[in-house]
Number of protein chains: 4
Amino acid sequence: MKLWSGRLSGSMDATFALLNNSLPFDKRLAQVDVRGSIAWAHALAQAGVLKPAEANKIVAGLQAILQEFEHAQFVFQEGDEDIHTAVERRLTELIGPEGGMLHTGRSRNDQVATDFCLWVREAVDRLEQRLAGLQSALLERAEQDMGIILPGYTHFQQAQPILFSHWWLSHFWELQRDRQRLQNVRQQVSEMPLGSGALAGTSFPIDRFALAEELGFSRPCSNSLDGVGNRDFAAELLFWAALAGVHLSKLAEALILYSTNEFGFITLADEFSTGSSLMPQKKNPDPLELVRAKSSVLIGRLTGLLSTLKALPSAYDKDLQEDKPPVFEAVDTMELLLPVMSGLLMTLTVNSVRTRAAVNWQVLATDLADYLVQHGVPFRQAHSATGQAVRRAAELAVSLPDLPLADWQAIHPMFAEDLFEVFNIERSLEKRSAWGGTAPQAVKEQLELARKALGQIL
Amino acid sequence: MKLWSGRLSGSMDATFALLNNSLPFDKRLAQVDVRGSIAWAHALAQAGVLKPAEANKIVAGLQAILQEFEHAQFVFQEGDEDIHTAVERRLTELIGPEGGMLHTGRSRNDQVATDFCLWVREAVDRLEQRLAGLQSALLERAEQDMGIILPGYTHFQQAQPILFSHWWLSHFWELQRDRQRLQNVRQQVSEMPLGSGALAGTSFPIDRFALAEELGFSRPCSNSLDGVGNRDFAAELLFWAALAGVHLSKLAEALILYSTNEFGFITLADEFSTGSSLMPQKKNPDPLELVRAKSSVLIGRLTGLLSTLKALPSAYDKDLQEDKPPVFEAVDTMELLLPVMSGLLMTLTVNSVRTRAAVNWQVLATDLADYLVQHGVPFRQAHSATGQAVRRAAELAVSLPDLPLADWQAIHPMFAEDLFEVFNIERSLEKRSAWGGTAPQAVKEQLELARKALGQIL
Amino acid sequence: MKLWSGRLSGSMDATFALLNNSLPFDKRLAQVDVRGSIAWAHALAQAGVLKPAEANKIVAGLQAILQEFEHAQFVFQEGDEDIHTAVERRLTELIGPEGGMLHTGRSRNDQVATDFCLWVREAVDRLEQRLAGLQSALLERAEQDMGIILPGYTHFQQAQPILFSHWWLSHFWELQRDRQRLQNVRQQVSEMPLGSGALAGTSFPIDRFALAEELGFSRPCSNSLDGVGNRDFAAELLFWAALAGVHLSKLAEALILYSTNEFGFITLADEFSTGSSLMPQKKNPDPLELVRAKSSVLIGRLTGLLSTLKALPSAYDKDLQEDKPPVFEAVDTMELLLPVMSGLLMTLTVNSVRTRAAVNWQVLATDLADYLVQHGVPFRQAHSATGQAVRRAAELAVSLPDLPLADWQAIHPMFAEDLFEVFNIERSLEKRSAWGGTAPQAVKEQLELARKALGQIL
Amino acid sequence: MKLWSGRLSGSMDATFALLNNSLPFDKRLAQVDVRGSIAWAHALAQAGVLKPAEANKIVAGLQAILQEFEHAQFVFQEGDEDIHTAVERRLTELIGPEGGMLHTGRSRNDQVATDFCLWVREAVDRLEQRLAGLQSALLERAEQDMGIILPGYTHFQQAQPILFSHWWLSHFWELQRDRQRLQNVRQQVSEMPLGSGALAGTSFPIDRFALAEELGFSRPCSNSLDGVGNRDFAAELLFWAALAGVHLSKLAEALILYSTNEFGFITLADEFSTGSSLMPQKKNPDPLELVRAKSSVLIGRLTGLLSTLKALPSAYDKDLQEDKPPVFEAVDTMELLLPVMSGLLMTLTVNSVRTRAAVNWQVLATDLADYLVQHGVPFRQAHSATGQAVRRAAELAVSLPDLPLADWQAIHPMFAEDLFEVFNIERSLEKRSAWGGTAPQAVKEQLELARKALGQIL
């Protein structure tokens, strides 16, 4: 069945029919499509376009179809070219020619845009849950691993010592911004396209405000051309997924390195590891690598949609059919990656002995420069002097604390015996006590704030 | 001058120095960098790290440098590898070794992140102005062209008649969402990175809340690792630019087509057209084509940054240096495209005779189907019958109103003499009077709302 | 069944198992996987690792499995995490523990790389056929439409008259380059990864040259690390698809415009058109819009893979699992788009009356400037004078040939009565007779070359 | 000065003029533009369009301009909107109105396409040199580091021991494919667009074959529409750069990790390192991080151009002006990255003691499984048994060679005393002696082939 039969003769070319067929993916809209149609039938009745009896018959038919979808009993047929066609076909089977009244004053253009908004709204809810779930996991780790010290890195060279909890929390805040962004996506699906018709508005006296309310939208969109053509929400959701994916990939990258034999900071649980078909000793961090790879796939999906939307000239073009596969894929991907990451985090082991042992004394060089600053040396000179000491120690192949005082003093006269007291990692941490720093007390305050932030969008 | 001289021997390889040098682009941060440093000097003084006299001297020196930048008198030198180095070098020239005290407790990592946030905040203000400027141009056109009718298109085939004002307004709402999104970008730069140090926080008792206030931030960031590594705001600005660019490209595409000889709906002003080096008759819509192309460049820039950020393992990596060129380019591009579009819109001529003449009677086919619906025929049958009439007219090579009544009735018995009254474009428009539709009254109400929306972010 | 059972305790986390499972897509490798395994069994036998009887048993088992795949009788089981696991599991079911000998000296890393190369090689063959099919369609149109004149456009403004055949052929050459590029992809899969082991090479004395020959490769790869990690061929295939997609999108865009009511140059066949669910008159060029959109999807897929490959540090990482879905999608897409375009081209109607009528006399302005050049006026002055004449005609609202001689001469004294002989479109065409121009004779020569080029890769 | 002055009244809008101005980037085409013009003057003379004296005067003027460009003495003027305009303006200044004869029968459309091809051809030559330079550096390292053993990784977990030379060579082959691909790019610029006119061919009897020869092209393009619109070569160059960039990023990523404190496999030379403004001890691998980041920028540039080209409808559109900035940037980037990488490789130190010490005995697990295979155990069982031994050793917290024989035999009865002979890394390497493996002899043969391959494109 086609929804347009009078104008064109002959049947569709077979290869084109394959290309045109959106049912393989848009059947995921089945339930929202039917719910949208029920609301539309109500609106037509309210507007006097359908008689009450007609409307009731249609609504009853649609509810039966909804049941079929909910119980996976709906049977698609060969000619169903999209979900809308399938539903109208089934409705007519169930209730007869009055099924053909449902589409009065409506177009697939405003219908599919509405379906898609409804679907995205529900996806946003699910994603938010899972995002919060991963944030909770990070909070739990931050609490559990409080007190564990590891080297902090910049340029992946050891920089300054930090608390593992501080590191876990740094990822919490990335996800917090992702959660805020998800709220922005939700905003983008708060206007209802339905009632925009094909592009020019509906020609029947539909109360679009009431209709919007029934479907849970804040209001009807203000311009019918924009209503049928607007896919900002899809682009925004894909951007959300791409950036959240990037955040997950950063966490994944670090954990992959931390789990190498050379770093040895963490050990993944066996249930989040895989082996090798050839090498019996292997325990591979596959979930983290897949997270990393998927983040790139998501970037490509965003690129693809933006490029699709670019320079599309008018209200609705068939190009827009390519909006759904990337959105569905992005949502599915994130719905899978987020709980995998949560599970992986909650089951990994932090090897606190190895993290502490990895700390090279050089990471206290800034503290040594600060030592000179406290003795009145301008920081830039203090920095240079300390740098020379590091180089001197490297030349002598000794650890920094083993560099003799004489060498220190040869470099800068303000170095004195008490410089060796600087070699105290705990004290170094405690000094970073300004808001947001890695001092234990500051991290506790941060954790407090994070707990609150989890319960609300700041 | 390098800000790190003690640790490494020898000088930098020449090709690497070229690659490493960020001054060609980051000098755009000059003024925000100095302002950030002034605030930092205040904070160091407040924390007792600098004596008042030292702080005053430093601040005076920085203000002199600010003047130099404002009057384009600052002289960069060969060895200045980035803007921060250049400013500290100049400060030391001006005030002596105390210049070396400024960087106490601070790192280029938190410094550049702060500079970049400040720069983006100002860019957002300018962009918002220009976006509102283009929205105003659309509103003016919508008012001015009220009453002009043109064919509305879907699939770039004539669909239903619409008002030109309705079409202009459809682009207004896209930009309104862009303006809302710009607010979201602003949110992303409301937390101050300064005081995060290299990655672990600052080791001096800086009051980061007071510092944030002085620099106009809402609050300091909550985690120092996140503070130096967060580039969400850059990604979000690039996404904003890419999507706003897509919106401009859609408008551009339509106007390019409307200005062809074949459509003839609009004529661009000569000052927004170019000629050909070879073909004397040419008047080309180059600005619109450049808008269209630039939208793709922006998509690529977003892709590039997201891919750069992907899987970066730690707090700060040098990869982040590649964050600024795309953001600067995106802002520059949009700062140029928006006023070009505004100017082009305000100076083009709408050829209302040609737009009206272009309307093919077939665009009333939906109204003919509605005619049958009003006579009790289910819409799906009405649609099919009308489609057959269109096909019959095509076979007879007659215009739809010229198809004899007999043919209509042969197709469906409910067609009667009064069907010909449907061939009234104005009446067709008036029927689309539900909220958001193209009826003149509805468009006036929409215009009213748009005027309000321009003054506020809904 | 897992191929690695000794090292890890416990079972895989359920969400991770979902993420990890590649069977849904890599089962498309089934037949090449089995063929690769048969060759591997031969190689193991030749190397003396398998006894002849063992090898025969294994090969017989594999051939039975190949039959099962060919007849769609192979039954996947719950625990099959990828196609390699499924095949080895089935082999062991069929022939017992000797099935476990097949993987000796081989890894899934070199196995899957080999499978993928084999699959791509076959895909390249199919794509080349379909590409040549579309080129043939373009040649047929070029022959069939010889003599039809239409306006040539630059900036989508009428520029100079051209032959429709010339326009069709311009698209032929784009595809010819695509076909050459496909040869380059084929080159990229001419080296065999098999025998690279997990990363370090196989530890058994396999004759990789003989193995390569059996599997139809030119030679074994020269470095085992590169062998398992190389995905250049996948990137190159995706780039091929993206650029070929861009070429199709350009053709599609033009045909969409040519089929508008306003241009009216072509009419699509009904079997390559769709209608509207609401508007009975609609005949939409959906296949062309889908081609246009798919080209963007392909760009995104390329972006995604390149971003996935970026900064992958070592021989094989699980990220590489994400190489297959985009390649499969790209091949499927092009395998569909190419015949759809061929069919659409062969069934559309060119409306030669409308194309000729659309030619505006202004397109002869270059010829008028050439007229002055032939009378000794430097081209730049001739161009300016003709431009003024065009403007003058526009001011007087007359067609260019109707501009009185006096006006021409007021602009430039070298204009004389015979200038009006320039208004001859056929003559204008004939003048573009240099190689590659639109003169009928030149187009015939070009067609001749194109015919030859179709039979070979130039 | 504009090259089109007659048709349009008024001057260009100032913001549009900024947008339209391509001189800031296309001035890089200066020399190829002049050379193309000299050839065009010759062709016009040969065709009898210019008298010999006119042609000589024009050519002399152009040669003077070429000198000005070569000596950086050419002075651009305010109104020069692109390089072509600037050159024609200067020519007319130098030789008078005959300068206006040069553009006869030519358009900026075919001119700029030709310039761009010429520029790319020269860029390809330079890039090939630098690519070969980096390949040479890899070969030198492979020779120099022969005999150094390090762990080979998959999933960034230790997998099997390899030779450092084998690892260096794996990167050689990636670049070898990049060099082949560069040859394909060169192919793409072997056809000359000049003589295509604006789109329809030139109307003067130009011998395009002679012209092509003079400019070093293989032949003129076969279709004028394609000649002015073809940008495949730009897309292909960007793809080349993106994929070569990916290859560099992979090498960079590994070297970044190898230079961490935790791995410690290599030490970068000071001249390829940077320090920190805050942390005195820092020695950062900035060049490698910038290489990594730039690879993403290049991906974005490719994306941008493909999206720009998508759905461009006709021969030449102004959108094509956006083809040059990404190509220039990509070439500049690669011209910088390649020598930086070469220099960095040649100056780094491999710490052979640490690489050897890093090898964990577990990497011989495959050899242990092979041991069982040699005793007749099917590989899959051998794999499982060895995996259990690895797990057992982990449970006992002993190194694999320290696991008592009794434990081995409890797992599989075929393990015997001589299993401990497997713990010999050199022997393990030697076993990978099949072509392409990591055995010293195989690596030497590979090196031999690589040396040959460097001298030719295979």
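All values below come from the heavy atoms of this structure, side chains included, with hydrogens, waters and symmetry mates left out. Keep in mind it's a predicted model, so treat the numbers as computed, not measured. Lettering follows sequence order; numbering is per chain, from 1.
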*Select, from Q321(A), K282(A), K294(A), the one with the greatest count of heavy-atom pairs under 4.5 Å involving chain C.*
K294(A)
*Can you find a heavy atom in the side chain of L255(A) that is under 4.5 Å from one in the side chain of L268(A)?*
no
_Heavy-atom proximity to chain C below 4.5 Å, by part of S295(A)_ = neither
_Using heavy-atom distances under 4.5 Å, tell me whether E335(A) contacts chain C through its side chain, its backbone, both, or neither._
neither
*When heavy-atom pairs shorter than 4.5 Å are enumerated against chain A, which of E289(C), R292(C), H103(C), E322(C) gives the highest number?*
E289(C)
*Does any heavy atom of chain C fall under 4.5 Å from the side chain of M12(A), the backbone, both, or neither of them?*
both
*Just give me the residue among S296(C), G304(C), A293(C) that pairs up with chain A most often, heavy atom to heavy atom, under 4.5 Å.*
S296(C)
*asked:* For the interface with chain A, which of H84(C), E253(C), E271(C) has the highest count of heavy-atom pairs at distances below 4.5 Å?
replied: E271(C)
_Atom of D110(A), atom of V228(A) and distance for their closest heavy-atom approach_ = N-CG1, 3.8 Å
*Please determine, among L8(A), T308(A), I256(A), T104(A), the option with the most heavy-atom pairs under 4.5 Å with chain C.*
L8(A)
_Engaged part of L344(A) at the chain C interface, taking heavy atoms whose separation is under 4.5 Å_ = neither
*Would you mind checking which part of P287(A) comes under 4.5 Å of any heavy atom in chain C, side chain (CB onward), backbone (N, CA, C, O), both or neither?*
both
*Trace of the salt bridge (charged side-chain N to carboxylate O under 4.0 Å, His left out) decision for R301(A) with E329(C)*: CA-CA 13 Å; R301(A) 286 312 209 169; E329(C) 182 179 330; 3.4 Å; yes
_Under 4.5 Å from a heavy atom of chain C, the part of S9(A) involved_ = both
*Which atoms of S273(A) come close to chain C, meaning under 4.5 Å heavy atom to heavy atom: side chain ones, backbone ones, both, or neither?*
both
_One thing to verify: whether R108(A) and E81(A) come together as a salt bridge, which I'm taking to mean a side-chain N less than 4.0 angstrom from a carboxylate O._
yes
_Closest-packed option against chain C by number of heavy-atom pairs under 4.5 Å, given P339(A), G343(A), P313(A), S276(A)_ = S276(A)
*Side chain, backbone, both or neither of L320(C) within contact of chain A (heavy atoms, under 4.5 Å)*: neither
*Which atoms of L306(A) come close to chain C, meaning under 4.5 Å heavy atom to heavy atom: side chain ones, backbone ones, both, or neither?*
neither
*asked:* How long is the straight-line distance from CZ of F25(C) back to CZ of F328(C), given to the nearest 0.5 Å?
replied: 8.0 Å
*asked:* With chain A as the partner, which of L298(C), T303(C), N284(C), N109(C) has the greatest number of non-hydrogen pairs under 4.5 Å?
replied: T303(C)
*Are the aromatic rings of Y258(A) and F156(A) close, with centres under 6.0 Å apart?*
no
*Of the backbone (N, CA, C, O) and the side chain (C-beta and beyond), which part of Q281(A) lies under 4.5 Å from a heavy atom of chain C, both, or neither?*
backbone
*Are any non-hydrogen side-chain atoms of S37(C) and R106(C) less than 4.5 angstrom apart?*
yes
*Any chance you could measure T202(C), atom OG1, to L194(C), atom CG, to the nearest 0.5 Å?*
8.5 Å
*To the nearest 0.5 Å, what is the distance between CD1 (I299(C)) and CG (L238(C))?*
12.0 Å
*chain A heavy atoms under 4.5 Å from T274(C): which part of the residue, side chain, backbone, both or neither?*
both
_Any side-chain heavy-atom pair of L345(A) and L348(A) under 4.5 Å_ = yes
*Between R231(C) and Y316(C), what is the shortest heavy-atom contact and its length?*
NH2-CE1, 3.9 Å
*Could you tell me which of V297(C), T333(C), L305(C), D270(C) has the largest number of non-hydrogen atom pairs under 4.5 Å with chain A?*
D270(C)
*Any side-chain heavy atom of L248(A) sitting closer than 4.5 Å to one from L338(A)?*
yes
